[in-house]
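Here is the structure we will look at, set down as structure tokens.
Below, all heavy atoms of this structure are taken into account, side chains as well, without hydrogens, waters or symmetry copies. The chain is numbered in sequence order, starting from 1.
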Amino acid sequence: MGLTKQYLRYVASAVFGLIGSQKGNIVFVTLRGEKGRYVAVPACEHVFIWDLRKGEKILILQGLKQEVTCLCPSPDGLHLAVGYEDGSIRIFSLLSGEGNVTFNGHKAAITSLKYDQLGGRLASGSKDTDTIVWDVINESGLYRLKGHKDAITQALFLREKNLLVTSGKDTMVKWWDLDTQHCFKTMVGHRTEVWGLVLVSEDKRLITGASDSELRAWDIAYLQEVEDIEEPEPKKSKASSPGIQDTHEPEEGTPETDETPEDRILTCRKAGSIMREGRDRVVNLAVDRTGRILACHGTDSVLEVFCILSKAEVQKKMDKKMKKARKKAKLNSSRGEEEDLEVNVEMTLQDEIQRVTNIKTSAKIKSFDLIHSPQGELKAVFLLQNNLVESYSLHPSTPAPQPVRTSRITIGGHRSDVRTLSFSSDNIAVLSAAADSVKIWNRATLQCIRTMTCEYALCSFFVPGDRQVVIGTKTGKLQLYDLASGNLLETIDAHDGALWSLSLSPDQHGFVTGGADKSVKFWDFELVKDENSTQKRLSVKQTRTLQLDEDVLCVSYSPNQKLLAVSLLDCTVKIFYVDTLKFFLSLYGHKLPVICMDISYDGALIATGSADRNVKIWGLDFGDCHKSLFAHDDSVMYLQFVPKSHLFFTAGKDHKIKQWDADKFEHIQTLEGHHQEIWCLAVSPSGDYVVSSSHDKSLRLWERTREPLILEEEREMQREAEYEESVAKEDQPVVPGETQGDNYFTGKKTIETVKAAERIMEAVELYREETAKRKEHKAICKAAGKEVPLPVNPILMAYGNISPSAYVLEIFKGIKSSELEESLLVLPFSYVPDILKLFNEFIQLGSDIELLCRCLFFLLRIHFGQITSNQMLVPVIEKLKETTISKVSQVRDVIGFNMAGLEYLKRECEAKSEVMFFADATSQLEEKKRKRKKREKLILTYT
């Protein structure tokens with residue numbers, strides 16, 4: 001076997017040029033004890049934490065592959081729950097920036113995440129129509145709530161009661177009793193999707209936002225509380241007693257469908273609606289932590305802010321109204337006093353919820369978050385559609401509050417998609433240009449060094465010397481910028497249509513441009529006298545024009561500057577001699593126009609990429625097609641050779657970058673990371689770096705490592721990855737009593753749960769083998785009449801020479817808490833009898849009671865039929881019953897004792913602090929008395 005050609009692997013190095021992605025929501029996070037200064041923003045698969053005051057990125061929560069779709073900070077401010085496109089949820093610690101807990105249960109993107117008041121439970125809603133409640137402390141799923149027929153838009157815990165309320169795109173709002181995990185009420189008062197849902201006024205009022213311009217308000221009355229106010233039970237049945245329930249009944253039948261009265265936990269009655277100014281759907285509806293400020297926005301750039309008044313404020317308002325009404329009545333009535341007693345003022349919803357003001361942002365709002373400080377200041381932060389974060393402050397209590405923009409994060413990215421990228425000759429600076437600006441980045445620090453306004457840029461390059469850059473625009477202009485000052489030196493009208501392509505000449509004296517006006521123009525650099533200063537400045541002058549029959553899409557010089565390749569709209573590439581502009585070759589074969597092309601460093605090959613998804617490699621000597629490669633699943637947008645090699649990169653609208661070998665026609669590797677179509681890429685002059693830009697607004701830097709890449713291994717890894725993906729897509733294992741496709745449990749089968757089940761199976765098999773060996777060894781020792789050395793299993797040695805049964809327990813402890821149930825579900829029943837016997841041993845020893853009970857009860861639940869029908873297992877189950885009950889009660893006693901001890905210590909501390917408080921108070925009083933006496937003495941002496 002001959003030597004294989006060695007390639008070096010390129011790996012993802014960084015994501016930059018992105019401030020925030022559109023798919024997720026922005027949230028305030030508490031960091032270093034500061035509230036209202038830091039915000040967490042989704043950034044493709046990562047989460048960026050920005051400092052609003054400095055405009056700096058201070059922390060990156062690293063994601064894996066999937067895009068972030070939802071963020072929710074925990075009530076204690078220490079953690080951030082992040083939901084992803086594939087339905088997984090990770091909980092990151094904001095102190096360390098690590099994501100230690102992962103929940104896999106949903107099949108589609110996460111749309112809603114909410115913690116309960118203490119932060120112990122997390123409710124997640126998804127596009128797969130399910131809501132799952134997770135136990136954050138135990139890191140496991142509690143239950144899955146099925147009932148909605150379309151994506152969940154919001155899920156909220158109630159503060160005092162163990163209830164959950166969810167809204168969905170199926171126009172329903174559902175109430176769930178979490179003690180019994182069933183839906184006890186469905187509100188059908190909406191005719192369109194319910195996009196937002198908030199609870200206000202101490203959970204006594206629900207406000208929903210739908211696809212129209214009303215915010216509907218619903219009054220919630222809890223029946224236990226209602227019954228307490230009522231008279232005793234027998235009297236209530238009489239029609240004469242007008243109870244609260246009776247008054248609610250007729251109205252209530254209309255907006256909701258209800259079960260029998262016994263099942264009801266609360267009643268929900270429509271209280272009215274608040275009209276929004278926006279005519280479109282509610283995109284986000286939220287209330288701040290204190291529940292005082294309510295805000296919502298539609299698909300435009302206006303946030304409408306409302307204030308929810310307290311009972312005292314409402315009462316004050318009503319008294320004022322009453323006064324006015326009485327005055328009016330007095331004026332109107334000639335009879336005077338008699339009538340003013342009958343003045344009646346209705347309390348409307350507008351009296352309780354008051355419009356404060358509107359906040360207008362500089363672009364369409366994608367999401368927002370509010371924070372209401374104790375001083376009465378409201379801070380609002382917005383993630384906008386054009387890759388921008390803005391924050392505003394407002395004082396809602398003032399008579400005519402005016403929002404003030406306090407900060408905006410803009411420098412770290414372009415407002416629109418980057419359409420062209422270039423590297424400077426020293427590999428240090430990267431140029432990116434979009435529809436409104438050119439930015440120069442430092443590749444090492446990824447900081448933006450310069451921002452210059454420009455027209456819609458399509459192509460660019462650094463002028464030799466790296467002090468100026470040239471941009472070609474959509475209107476056909478050439479724009480020349482000086483980097484030191486950031487000034488636009490000159491704008492030249494080069495073409496009548498879009499200027500699609502620029503190519504620097506190899507002798508570096510000039511360049512060539514191709515445009516939509518069917519012409520190719522040749523330009524030379526020259527120094528001209530600057531009107532403003534004595535020095536000369538760089539300019540360009542046109543030398544020649546080549547007129548063609550079709551629009552020019554791409555131009556490229558050959559390295560010896562003898563040939564010029566021009567790609568035309570008629571799907572061909574024409575090659576011309578540079579000196580005479582005579583026609584040399586025509587490369588035809590693509591079915592759609594060639595969008596990009598490049599010529600190799602030695603001038604032997606030209607590679608062309610087309611909208612027909614193919615890349616063709618041609619010889620430049622005869623124009624013969626060496627190979628046609630099906631490169632991408634969508635148009636090939638950009639193609640560039642790695643300097644000094646026959647390897648080239650292609651970028652496609654299928655979100656992928658691929659590296660190819662033009663000699664062997666091999667696909668070397670795929671760089672995956674972008675989530676939208678890729679517009680362009682640039683390879684550094686050294687070939688060590690690649691930078692790419694995409695419709696997801698991110699720029700990505702890829703770095704060449706020293707790690708060799710072997711094609712066979714690469715293919716093998718690809719196949720493994722495909723298999724792992726297919727495992728997750730397989731049908732979930734069915735539990736007896738369930739129908740196929742229905743999943744009652746919270747987990748889902750992933751490659752991790754399959755691996756965990758395999759580890760359990762291997763451990764049980766090792767236990768079986770070792771116990772058999774030990775029996776044999778005993779028999780041998782008996783026969784020999786002396787101790788024979790026992791060969792120790794190397795795995796058990798590695799774990800510190802533990803017993804086979806202890807090894808099985810170690811494996812159970814090693815499984816992630818969130819994957820435990822799902823791994824046991826995949827486990828074949830043949831292993832269960834051994835596991836039950838082992839559990840009996842472990843529980844008797846009193847080790848890891850909680851973990852073992854959790855596994856035991858789960859196995860009993862899913863294999864109930866087989867376990868009860870197996871005679872061999874009856875004694876095992878009997879023993880388990882005894883040991884489990886006694887050990888669990890022991891554990892409970894210990895926990896109870898510890899709780900009581902902690903309570904006692906808490907009381908002691910409180911008592912101490914009270915004593916201290918009183919001691920302080922008395923000493924202060926003594927001090928005051930002493931000072932007063934002193935003062936009196938002084939006065940006496942003076943007098």
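Panel note: side chain N25, backbone L71; a donor-acceptor pair is recorded below 3.5 Å. Between the side chain of D128 and the main chain of K107, a donor-acceptor pair closer than 3.5 Å is present. Side-chain atoms of K749 do not come within 3.5 Å of backbone N or O of E822 as any donor-acceptor pair. Within the 3.5 Å criterion, the main-chain N or O of S140 finds no donor-acceptor partner in the side chain of S818. In this structure, the side chain of D848 does not engage the main chain of L851 through any donor-acceptor pair within 3.5 Å. At least one donor-acceptor pair under 3.5 Å links the side chain of H46 to the backbone N or O of G63. In this structure, the side chain of R768 does not engage the main chain of D834 through any donor-acceptor pair within 3.5 Å.
Contact check on E716 versus R719 returns a salt bridge, with a Lys/Arg side-chain nitrogen under 4.0 Å from an Asp/Glu carboxylate oxygen. The pair K773-E770 meets the salt-bridge criterion, since a charged nitrogen lies less than 4.0 angstrom from a carboxylate oxygen. With salt bridges taken as basic N to acidic carboxylate O contacts below 4.0 Å, one links K23 and E85.
Classified by interplanar angle (parallel below 30°, tilted 30° to 60°, perpendicular above 60°), the ring pair W175/F184 is tilted. Using cut-offs of 30° and 60° on the angle between ring planes, the pair F839 and F842 is tilted. Note: W176 and H148 have tilted aromatic rings, judged against thresholds of 30 and 60 degrees for the angle between ring planes.
Within the structure, side-chain hydrogen bond (donor to acceptor under 3.5 Å, both in side chains) contacts touching residues 868-880 (residues at least two apart or in different chains) do not occur. The side-chain hydrogen bond (donor to acceptor under 3.5 Å, both in side chains) pairs that include a residue from residues 753-764 number zero, where partners must be two or more places apart or lie in different chains.
Partners of Y84 under the ring pair (Phe, Tyr, Trp, His ring centres under 6.0 Å) rule, at least two apart in sequence or in another chain, do not exist in this structure.
For the residue pair S167/T153, the side-chain donor-acceptor check at 3.5 Å is satisfied. A side-chain N or O of T186 and one of K174 form a donor-acceptor pair less than 3.5 Å apart. A donor-acceptor contact under 3.5 angstrom links the side chains of T883 and N840, judged on distance only.
The local environment of CZ in R892 is sparse, with at most 12 non-hydrogen atoms from other residues, nucleotides or ligands closer than 6.0 Å.
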